[in-house]
Amino acid sequence: MKYDYTAIEKKWQKNWEDNKAFAAKNDFTLPKYYALVEFPYPSGAGLHVGHPRSYTALDIVARLKRMQGFNVLYPMGWDAFGLPTENFAIKNKIHPVEVTKQNVARFKSQLQSLGLSFDWDREINTTDPKYFKWTQWIFIQLFKKGLAYKSTMPVNWCTSCKCVLANEEVVGGVCERCGSEVVRKEKSQWMLKITEYAQRLIDDLEEVNYVERVKTQQKNWIGRSTGAEVDFNTTEGDKMTIYTTRPDTLFGATYMVIAPEHPYVEKWKDSLKNYDEIVAYKEAAARKSDFERAEMNKEKTGVRLDGVRGINPVNGNEIPIFVSDYVLMTYGTGAIMAVPAHDDRDYAFAKAFDLPIIEVVKGGDVTKEAFTDCETGVMTNSGFLDGLTVEEAKEKIVEFLAKEGVGHPKVNYKLRDWVFSRQRYWGEPIPVVHCPHCGPVTIPEDQLPLTLPDVPSYEPNENGDSPLADIEEFVNTTCPVCGAPAKRETDTMPQWAGSSWYFLRYADPHNEDALASKEALEYWTPVDWYNGGMEHTTLHLLYSRFWHKFLYDIGVVPTKEPYAMRTSHGMILGEGGEKMSKSRGNVINPDDIVAEYGADTFRLYEMFIGDFEKAAPWSSTSIKGCKRFCDRTWALLDMVQEGTEFSEKNKREIHKAIKKVTDDILNLRFNTAIATLMGLLNTFYENGINKAELETFLKLANPFAPHITEEMNELMGGTEMLAHAKYPVHDEALTVDESVKVAVQVNGKVRSVIELPFDCEEEKAKEIAFADQKVQNFLEGKNVVKTIVVKNKIVNIVAK
RNA sequence: GCCGCUGUGGCGAAAUCGGUAGACGCAAGGGACUUAAAAUCCCUCGAUAGCAAUAUCGUGCCGGUUCGAGUCCGGCCAGCGGCACCA
């Protein structure tokens, strides 16, 4: 019989759908397993071969866990708000709702053609008012707790999207989405206080099983540093507080620097003889985009404040104060003490402005470069700190500052609050009304969802305001508190909003009274295994951990962390090893692969391509090996003999394979799991195969290649679907061979291979090894010094 | 500059605890079947020398630890990813 993969795959996909074969049960007494992949943005381009790498991997896990008796939740949905849809809608004059519908339909049929075992009854869509009602509800809770606030501040402004971007969305000084220049612009924006959770977002990484690189990247992004705040007096009498991580070098401070935006520039206006020059510098700095600022990295610029000086609290020295854009208003206090001898940036600035450099830590050569080593240096020129190590000095100076009342230890984070508003149409409306009397107030929860008005045009206006701002029926409303005429907030939420809690909705997706019921959350959370792209580590993954912690704090979810385990797959590259992209013309379309080879082959190849965590180039020739595997598996139908017991020849290989495949799946080694299945198949071609053996093989291969295995199982008379069958269990005693080949080394070089019984005794092993003719040849004329025997592995004879 | 990761055949890669380097697959070469091609099946396949048995070399480079190193340690080099004036 021919292996007609197209017919077989259609048949089983329909069967699974009709029978709801993968619906998670609402029986909360069963052992549960929640496998999750990042839900896609349904773009117009359709599915990319990168998507199925993640989806297939966790599909394998979900299918394995189901066969092992778990009540498995493996859901899918659509993260469908976002700019590309909106832009497409504008360009083609189709409503975004319609565009989204089309894209979702396409994505869904593509996913279904891969035989992924999603529970489609729980499908969600972030643009569905029934869904975003709860996104808005969470925003209101954040607002109530003071974690959502509006603030005028310099923000990242994409010149092409005419939209504010979060720090996380600016990559290399350009817009992550469209690649256009990003400039800084003063705007009133909604912000979320993620910084309030900075420490917990670091600490609780200890409690979760994330791959190490994800943890490291999140920690670096949050950027905790410990130091001290120190108050410098000034000749104006105003206290100037600075932040430093090196309070030990306080005696070496020879000048101070404040950010151009520092409020003291205005405060000291009358005392500053060169005020105009300073303002000109400030304005020039403000015009620079982040990208330009970074470009100027090497050349330090700045202006000295003429008329005001700082006073070093440890020695009373008067030192000059500068403004310079290398000091950021958004970090620490916006002011620093500069210690050119022990900081590279201060050193460069001091050289440029010919300022004194005083060495306070011995160990380097400060006439050549800054000495920044904290490990080896010894304090000098530092009064009561002289002779101490850097660590000791840090402790002592902080003590001193506290006693004098001029400083205290301080922890700072690089993490900034999350800019949460976007001036676009296709997002969740922020459920806030601005009242002239009451200020910003949230709309009553029973009025949620606040839906988007149906309008013909979605283009942002010339001021960069949201399209919603031009719709009077939407804007004009009454204050929910006092009833006075008021105006609605017109900004919408960023795309990251809907994805910050979506995994909770899957637990109970149709609930109208809560984002999910307590019982469902109690049962299903946390997610047992979450796989997704590295690119979301400091965006979605961090945001959703923040929201989850907030929901935990207000008693909505039962766990501190949303995901018990997080892994990350590597990208699939084009054939040449470059990133797949339309412009390079190296894009592989999953539909073509499914048509040419079938979904089972496609799934196998995506998993076999290489180390799951690493990037791997697509190869249109290598995939043939996986097709051959399917063909050869199919051909077993013609080879199979009757028999309900494993044959002696195959038994041990089968038990080894059960152990290895199961183990590999749970340890991200899908490639070697498939290699093991291929090896087992080769064994069957050598030894023959009987019915019991083939049934076991089909069960093992089912999570990887579900269609062909189900079909073969049925053709062999199987009445139960493999997807619901019991997964084979190995017998440990049968995972080893009765005899093993052991290498015999002479002085560390393999000279012969001998066959020994498994777990052969040491003396016996030595005896056989020494008796070997080849070994004898190499021992001739030498004295045996000692012999090392490692059971079942090696015998090494050391001879001189 | 800082942080992280990776360097193994012609190619994708294995080697899970320091114990036979190259499993599995692709490509390539040879053979069988075929009128022929495709498909399939069998054999070979790290380099060098040799008819062969076999020997020597071989996991980016230099050194070290060890009976034994792809694996551990120290120092380099190259590539990839992230961050980037965060005091």
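Bear in mind that the values here come from a model prediction, so they are computed numbers and not experimental data. Convention: sequence-line order gives letters A, B, ...; per-chain numbering from 1.
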Peer 1: Between B:A87, B:A27, B:G12, which nucleotide gets closest to the side-chain atoms of A:Pro617?
Peer 2: B:G12
Peer 1: Hey, are A:Lys659 and A:Glu732 close enough for a salt bridge, meaning a charged N less than 4.0 Å from a carboxylate O?
Peer 2: yes
Peer 1: Strictly below 4.0 Å: does A:Asn796 bring a side-chain N or O up to OP1 or OP2 of B:U66?
Peer 2: no
Peer 1: Considering only atom P, compute the distance from B:C11 to B:G46 and round it to an integer number of Å.
Peer 2: 13 Å
Peer 1: Are any of A:Ser225's side-chain N or O atoms less than 4.0 Å away from OP1 or OP2 of B:A87?
Peer 2: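 So the side-chain polar atoms of A:Ser225 do come within 4.0 Å of the phosphate oxygens OP1 or OP2 of B:A87, strictly under.
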Peer 1: Counting any heavy atom closer than 4.0 Å, what does A:Phe778 reach on the DNA or RNA strands: base, sugar-phosphate only, or nothing?
Peer 2: sugar-phosphate
Peer 1: Once you apply the 3.5 Å cut-off to both distances, tell me the Watson-Crick or G-U wobble partner of B:A49, or none.
Peer 2: B:U54
Peer 1: Establish, with yes or no, whether the OP1 or OP2 oxygen of B:C3 is under 4.0 angstrom from a side-chain nitrogen or oxygen of A:Arg213.
Peer 2: no
Peer 1: May I ask which nucleotide in the shown strands pairs with B:G81, Watson-Crick or G-U wobble, both distances under 3.5 Å?
Peer 2: B:C3
Peer 1: Pick the C1' atom in B:A84 and in B:A47, then give their distance to the nearest Å.
Peer 2: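 The same atom, C1', in both gives a distance of 45 Å.
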Peer 1: Please give the nucleotide sitting opposite B:A27 as a Watson-Crick or G-U wobble pair, both distances under 3.5 Å, or none.
Peer 2: none
Peer 1: Here's a test of your reading of the structure: between A:Ile788 and A:Asp346, which maps to the more 5' nucleotide of RNA chain B?
Peer 2: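 Here A:Ile788 is the residue nearer the 5' end.
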Peer 1: Which atom pair, heavy atoms only, marks the closest approach of A:Ser324 to A:Val257?
Peer 2: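 Closest pair (atom of A:Ser324, atom of A:Val257, distance): CB-CG1, 3.6 Å.
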Peer 1: Which base sits across from B:C61 as a Watson-Crick or G-U pair, both distances under 3.5 Å?
Peer 2: B:G75
Peer 1: Is there a Watson-Crick or G-U wobble partner for B:G9 with both distances under 3.5 Å, and if so, which one is it?
Peer 2: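 Its partner: none found.
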Peer 1: Where the side chain of A:Ile794 is defined as all heavy atoms beyond and including C-beta, which of B:C41, B:C24, B:G19 is the nearest nucleotide?
Peer 2: B:G19
Peer 1: Can you figure out which of B:C26, B:A23, B:U54 approaches the side chain of A:Ala675 most closely?
Peer 2: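 Nearest listed nucleotide: B:A23.
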Peer 1: Assert yes or no for the condition that the ring centre distance of A:Tyr5 to A:Tyr597 is strictly below 6.0 Å.
Peer 2: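 Ring centres of A:Tyr597 and A:Tyr5 not closer than 6.0 Å.
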Peer 1: Of the nucleotides B:C67, B:U40, B:A21, which one has an atom closest to the side chain of A:Val750?
Peer 2: B:A21
Peer 1: Go through B:G19, B:G4, B:A27 for me and flag the one nearest to the A:Val790 side chain.
Peer 2: B:G19
Peer 1: Can you give me the N/O atom pairs linking the protein to nucleotides 57-59 of chain B at distances under 3.5 Å, or say none if there are none?
Peer 2:
residue: B:C57; atom: OP2; partner: A:Lys749; partner atom: NZ; Å: 3.1

Peer 1: Using OP1 and OP2 only, check whether a side-chain N or O of A:Arg632 sits under 4.0 Å from B:U40.
Peer 2: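 So the side-chain polar atoms of A:Arg632 never come under 4.0 Å of the phosphate oxygens OP1 or OP2 of B:U40.
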Peer 1: Using the P atom as the point on both nucleotides, what is the distance between B:G31 and B:C24, in whole Å?
Peer 2: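 My reading of the P atoms in B:C24 and B:G31 gives 24 Å.
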Peer 1: Measuring from the side chain of A:Arg669 (C-beta onward, heavy atoms only), which nucleotide among B:A15, B:C67, B:A87 has the closest atom?
Peer 2: B:A15
Peer 1: Quick check: on RNA chain B, is the nucleotide nearest A:Ile336 upstream (toward 5') of the one nearest A:Ala616, or the reverse? Name the residue that is more 5'.
Peer 2: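 Its nearest nucleotide being more 5', the pick is A:Ala616.
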Peer 1: So what's B:A15 paired with, Watson-Crick or G-U wobble, going by both distances under 3.5 Å?
Peer 2: none
Peer 1: Applying the Watson-Crick and G-U wobble criteria at under 3.5 Å, what pairs with B:U66? Answer none if nothing qualifies.
Peer 2: none
Peer 1: Between the base of B:C85 and the side chain of A:Lys300, is one N or O donor paired with an acceptor at under 3.5 angstrom?
Peer 2: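 Donor-acceptor pair under 3.5 Å: yes.
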Peer 1: Relative to A:Tyr685, does A:Arg632 satisfy both conditions: NZ or CZ under 6.0 angstrom from the six-membered ring centre, and within 45 degrees of the ring's axis?
Peer 2: yes
Peer 1: State whether A:Lys624 places a side-chain N or O below 4.0 Å from either non-bridging phosphate oxygen (OP1 or OP2) of B:C26.
Peer 2: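 No, no such contact exists.
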Peer 1: Taking only N and O in the side chain of A:Tyr331, is any of them less than 4.0 Å away from OP1 or OP2 of B:A87?
Peer 2: yes
Peer 1: Determine, for A:Tyr326 and A:Lys300, whether the Lys NZ or Arg CZ falls below 6.0 Å from the six-membered ring centre while staying within 45 degrees of the axis.
Peer 2: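 The answer is yes; both the distance and angle limits are met.
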Peer 1: Could you check which nucleotide pairs with B:U34 in any of the strands shown, counting Watson-Crick or G-U wobble with both distances under 3.5 Å?
Peer 2: none
Peer 1: What nucleotide among B:C83, B:A27, B:G12 has an atom nearest to a side-chain atom of A:Trp221?
Peer 2: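 My answer, after comparing the listed nucleotides, is B:C83.
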Peer 1: Could you give the distance separating B:G29 and B:U20 at their C1' atoms, to the nearest angstrom?
Peer 2: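 B:U20 and B:G29 have their C1' atoms separated by 27 Å.
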Peer 1: So does A:Lys656 pair up with A:Glu653, basic N to acidic O under 4.0 Å?
Peer 2: yes
Peer 1: Nearest to the side chain of A:Arg751 - B:U16, B:U56, B:C85?
Peer 2: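 Output: B:U56.
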Peer 1: Looking only at the side chain of A:Leu328 (C-beta and beyond, no hydrogens), which of the listed nucleotides B:G25, B:A87, B:A14 gets closest?
Peer 2: B:A87
Peer 1: For the pair A:Asp664 (side chain) and A:Phe670 (backbone), establish whether a donor and an acceptor sit closer than 3.5 Å, ignoring hydrogens and angles.
Peer 2: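 Judged by distance alone, no pair lies under 3.5 Å.
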Peer 1: May I ask you to evaluate whether A:Asn671 reaches the phosphate of B:A14, defined as a side-chain N or O under 4.0 Å from OP1 or OP2?
Peer 2: yes
Peer 1: Below 4.5 Å, heavy atoms only, C-beta onward: do A:Leu668 and A:Glu613 meet side chain to side chain?
Peer 2: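 They are in side-chain contact.
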Peer 1: Kindly say whether the aromatic ring centers of A:Phe322 and A:Phe349 come within a distance under 6.0 Å.
Peer 2: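 Ring-ring flag for A:Phe322/A:Phe349: true, centres closer than 6.0 Å.
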Peer 1: In whole angstrom, give the distance that lies between atom CG of A:Asn747 and atom C1' of B:A69.
Peer 2: 16 Å
Peer 1: Between B:G4 and B:U54, how many Å separate the two C1' atoms, rounded to a whole number?
Peer 2: 47 Å
Peer 1: Does the Lys NZ or Arg CZ of A:Arg751 fall within the cation-pi geometry relative to A:Phe778 - under 6.0 Å from the ring centre and within 45° of the axis?
Peer 2: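 Flagged: A:Arg751 positioned over aromatic ring of A:Phe778.
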Peer 1: Say we look at B:C62 and B:A13: how far apart would their P atoms be, to the nearest angstrom?
Peer 2: 25 Å
Peer 1: Can you figure out which of B:A27, B:C24, B:U20 approaches the side chain of A:Lys741 most closely?
Peer 2: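 In terms of side-chain proximity for A:Lys741, the closest of B:A27, B:C24, B:U20 is B:U20.
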Peer 1: For the C1' atoms, the ones on B:A27 and on B:U44, what distance do you get once it is rounded to whole angstrom?
Peer 2: 14 Å
